[in-house]
Structure formats: structure tokens, C-alpha cells
Amino acid sequence: MWILALSFGTYLFALWKRPLLYVGLVLQVAYIFSRGAELGRLPLVGPHDTLIFLSASMAAFAVAFGYALKDRSLFLNPVAIIAALFTAFAMTTPQQNSPLPPILKTFWFECHVVLAFMSYALFGIAAVFGGVYLKDRQNAFEGLGYRAVLIGYCLFTLSMIFGGIWAYLAWGTYWIWTPKELWTSILFAYYSFYLHARLRQWWTGRPMAVLGIAGFAITMFTYLGVSLLMKSSHSF
Amino acid sequence: MNLLKELLNILFSLRTTLWLLGFSLILLFAGAFIMPVHTEFQALHATPLFKWIQMQPLNITWWLWGLIGILAALTVNTLLCSIESIISKRKVTQWLLLISPQIIHAGFLFVLLAHLLSGIGASQGMAAAGEGSVVKLSGEDTVLMVREINMNYDSYGYLTDWDVSVEYLSDGNVLHRDVIRPNQPSTRMGFNINVKDLRPYPVEAVLLQINREPGALWALIGGILFTLGIVTLILLKIRMEK
């Protein structure tokens, strides 16, 4: 747990010394690997591990997207704050150390979860770009936000396909009527709307930035709200 | 004639796509709050959507009816926009860039077709069975016999693996033998048979889930097309930027 506390601290201090963001990311990656080695499986079950993975994914994508920017601090600072918040939240939730039920020991499940959280992270990156666009009005931010959504949408689609295949093999159906599936459809329809809206001139700029921010709010509810508050196949 | 032209203009429009997606979002949001508080939706797992929806009161299904209507309109809109796009841009040199969004659209339509087929013809049955139990498969002469149930536990008592040997019998003759494992259902005669739950005491027993999912293959085709289209589109955009 000390690694997490350290990564939380380094993310916060990255607001003053940017290289600490990389240190925080390295620490979290080390933590994920150590958890995987300890459990003998992919550590992506329950809020603790998934929040850490989400935090690390956001930091990793932020580093990659940051290379496209001259002045990175405006973009990287909010990412560091969000990554620190996710880390802090993860530290308050219990680790799930029990072995996986046989039905979860499959390539389809692993791909489904990894891709879903990578897409959530990219939607988060798009929201940050939306926020900094509203503050600074640089077109580059809006364009990068769109790219983050496009790649995130692709990963999200793949995650749903893998989830559907897994559900068919595990339960005989590719679609289950639970709140999680419904919210996933909302997320899919929302980002479909986003990508189509950008083809129209009227929506470019501020409206896209706002859509990007609102999208991440829906993403977070789909991930945490539904899993914590509603009875679903994806409940924590 | 003018009215028809106007209607076609509306159906060909990207603005219509946005309105339809917007309306579908509103209906999905409504459903997301209606569904968890009404137990009637639990029966939706075992009954085809179009059969279930007709048996339920409108005050809990209105959003689903609306969604079906919106998706029907979106299907027409998607088809027309795709055709229009291919015709109007057929002379462009980068045909992959032209075709990849249409492949995404085709994938989406296949997924809708899958839901339509499943909504009409899907079925789900459950049966508790021990070793030697026989389960009748609905609409077939064949029966399924559970031969052997194996469960493996670790030293802490966690179930680590299991397998269930089954036989398909007709008039007492064995037609086929199969083993159901986690994520490895037995598929035969359009049925997908898997184990939903296992019970070790007082005698080993399983809860079998027998599904028919006519849309599954179409959903897979749709998913593959969607992925191919979107990956191609992203790669092309990256290449164009370079």
C-alpha cells in the first residue's frame, strides 16, 4: 500500500515538478505488476484494482498525448489531479484477493475489462482536453480531445464485442438486460452522437468540449455509479 | 411529390442522425431509471423482447417502444446516408476512407438485426439436474442426460474448476457426447447449454441454462465489421496526419 501512497503524493507534487507524473505512473505500473504476481491473475476485479488501473491508464495516455503539445502543463496538471483522486479513492476501498471464479478465468474477460478501462481513461483524457479548451480556446485541445474519443470509442467497441462473446460462452447470450448493459448502451450512443456531431460545423469548438466533459461524467456513472448502486452483472 | 422529396431530404440528413441519436439517449436515460425499480424486467432474460413487451403495462415499457421506433428510423437513416455517401464520393481516390465509415454502419446494422432476431426468437430455460438426470430439450425429440459432475476446490474451499459430462439421447441411443466447462458450453441443434450454478451438497447438482440465441452469429458479424471499419478509419486518419 505504501507504493500507492507514494504514487498519490508524486501525482500531487507533479503539479510543481512535472517529471513526478512519470514517477507516479511507474510506481502504479509496478504496483499493478506486483498485485498480478501476488494473485497469479490479472488484477482487475473490484473497485480497488480497477481504480488503480484507470488512474495509471489516464497518466499513461496523458504522457502520450502530451507529446503533441508545446505547453503541456495546462493539460497534464488536471490529469495529475484526477489520477491522484482515483488513487486516493482506491486506497479507501478493500482489495479483492480471493481467487477468481472459474467463469472469469478467460482471455475474453481479461480483454473485455482491460479495453473497457483503457477506453474510460481516453474518455477522461478527452474531458480534460475539453476543460482546457474552455479555459484557453486553443483548437489543438479540441482536436486532441476528438482523437482521444475516437480511439476510446474503438477500444470501447472492442470491449463490448469481447464482453458479448464472453457472455455468450458463459451464459448463452450476448446481451443481458441489466442496468450496466443499459448504461453501456447509453455510453455507446452518447459517443456515437459525439463523433457524428463533430461532422457538423455548428458543434465544433465549445459544444464539443462540453460534450467531452459530460461524456466522462456518464462514463464515471457507468463505471462506479451503476456498479456500486445498482444490482447488475457487474456489481462490485 | 414535394412532401416525398422533403421526407427523403430529412431521412438523408446527418442532422436527422443527431436528432435520432439524441432521442435514443433520452429514452435510454429514462429506461435506466425505470428498469432497476420494476421487477417485471427480470422476466426479460427468459422471454423474447417482442413477446415480453406486449405483455407488460405501457407505463414501464413506453421507453422501449420509443427506442424500437427510433432504431427503426435510425436504420433507414443509416442505410440512406451510407448509400448517398458512396454515390456522391465514388470518384475520390482514397476509397478506403470512403468505405470504412460505411463498414462501421454495416456493422451497426448487423448488430441491430441480431437484436431483432433475438428479440423475436430467443428463449431461455433452466433445469436443475444431478448425475443421471434427463432434461427434455424444447421442441426436439432429443433429451439431454447429465452423466457426471466434477468440481475441484482449493485448500481454502474455493471452487477452482468444474466440468459436466452430458449425453444427447434419442430413443435411448446416444447421439452425441459432450463436456460443459466454464466458458465452454455445449452447442447442439441451435441450443447453447451451459451451467449457471453448481451445488456440491447433499448431492452434486447443477443448474443448467438452455438458451436459443438466433441473433448471436449476426451480432458477431456486426461486431467484426464495426471493429474493422473503425480501426481502418483510425489508421487512415493517423496516416493522413503524417
Side-chain angles (χ1 to χ4, degrees), chain A residues 98-109 143 146-147 150-151 153-158 160-162 164-183 185-190 192-197 199-200 202-203 218 221-222 226 229-232, chain B residues 14-15 17-18 21-22 24-25 28-29 31-33 35-36 41-42 44-45 49 104 107-108 111 114-115 118 122 124 152 154 156 158-162 181-185 187 191-196 209-213 215-216 219-220 222-224 226-227 230-231 233-234 237-238 241:
Chain A
S98 55
L100 286 184
I103 213 140
L104 297 186
K105 291 177 195 165
T106 167
F107 159 83
W108 302 110
F109 166 72
Y146 165 71
R147 272 174 237 179
L150 188 62
I151 300 168
Y153 184 78
C154 176
L155 299 184
F156 187 64
T157 307
L158 271 172
M160 287 202 297
I161 294 166
F162 283 121
I165 294 171
W166 173 44
Y168 181 74
L169 295 174
W171 301 296
T173 177
Y174 60 91
W175 176 261
I176 305 166
W177 287 94
T178 69
K180 185 74 173 194
E181 276 71 14
L182 206 56
W183 277 94
S185 306
I186 289 173
L187 204 55
F188 182 75
Y190 184 87
S192 300
F193 181 90
Y194 176 103
L195 292 173
H196 283 89
L199 298 171
R200 286 190 71 87
W202 188 86
W203 285 87
I218 300 172
F221 188 80
T222 305
V226 178
L229 304 173
M230 297 177 184
K231 197 170 174 250
S232 161
Chain B
L14 177 62
R15 189 179 285 185
T17 313
L18 291 175
L21 281 171
S24 71
L25 270 170
L28 281 166
F29 271 121
F33 291 99
M35 204 172 92
F41 283 89
Q42 282 168 17
L44 200 44
H45 298 296
L49 172 70
I104 298 173
F108 169 69
V111 172
H115 278 286
S118 293
Q124 189 188 72
N152 302 324
D154 65 9
Y156 298 99
Y158 286 107
L159 182 68
T160 54
D161 201 7
W162 52 262
R181 294 191 176 92
N183 300 305
Q184 282 180 37
T187 49
F191 289 105
N192 176 318
I193 300 161
N194 54 66
V195 172
K196 189 174 168 65
Q209 195 167 254
I210 302 154
N211 287 285
R212 239 188 228 279
E213 195 65 270
L220 183 66
I224 291 169
F226 204 105
T227 308
I230 201 159
V231 169
L233 189 66
I234 289 173
K237 287 203 174 211
I238 291 170
E241 274 176 24

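Residue numbering restarts at 1 for every chain, and letters A, B, ... go by the order of the sequence lines.
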**Asked** Any chance the rings of A/Phe188 and B/Phe226 have centres within less than 6.0 Å?
**Response**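 They qualify: ring centres under 6.0 Å apart.
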**Message:** Ring centroids only, cut at 6.0 angstrom: are A/Trp177 and B/His45 within range, meaning strictly under it?
**Reply:**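 So the answer is no for these two rings.
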Region of [X] in contact with chain A, defined by heavy-atom distances below 4.5 Å:
X	value
B/Ala114	both
B/Arg181	neither
B/Phe29	both

Quick one: does [X]'s side chain get under 4.5 Å of [Y]'s, heavy atoms only?
X	Y	value
B/Pro182	A/Thr106	no
A/Lys105	B/Thr160	yes
A/Trp175	B/Ser118	no

**Request:** Sort out for me which of A/Ile186, A/Leu104, A/Ile103, A/Ile151 touches chain B most, counting heavy-atom pairs under 4.5 Å.
**Result:**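 Most pairs with chain B among the choices: A/Ile186.
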**Message:** If we define contacts as heavy-atom pairs under 4.5 Å, which of A/Ala197, A/Ser185, A/Ala170 has the most with chain B?
**Reply:**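 The candidate making the most pairs under 4.5 Å is A/Ala170.
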**Verdict with reasoning, B/Asn183 to A/Trp166, per side chain to side chain donor-acceptor pair (under 3.5 Å)** = CA-CA 7 Å; B/Asn183 300 305; A/Trp166 173 44; 3.1 Å; yes
Nearest non-hydrogen partners of [X] and [Y], listed with the distance:
X	Y	result
A/Ala189	B/Leu25	CB-CD2, 3.9 Å
A/Trp171	B/Asn194	C-ND2, 3.1 Å
B/Ala216	A/Tyr168	CB-CE1, 3.6 Å

**Message:** Whether the side chain of B/Asn192 engages the backbone of A/Leu169 through a donor-acceptor N/O pair (distance < 3.5 Å, no angle test) should be reported.
**Reply:**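 Judged by distance alone, no pair lies under 3.5 Å.
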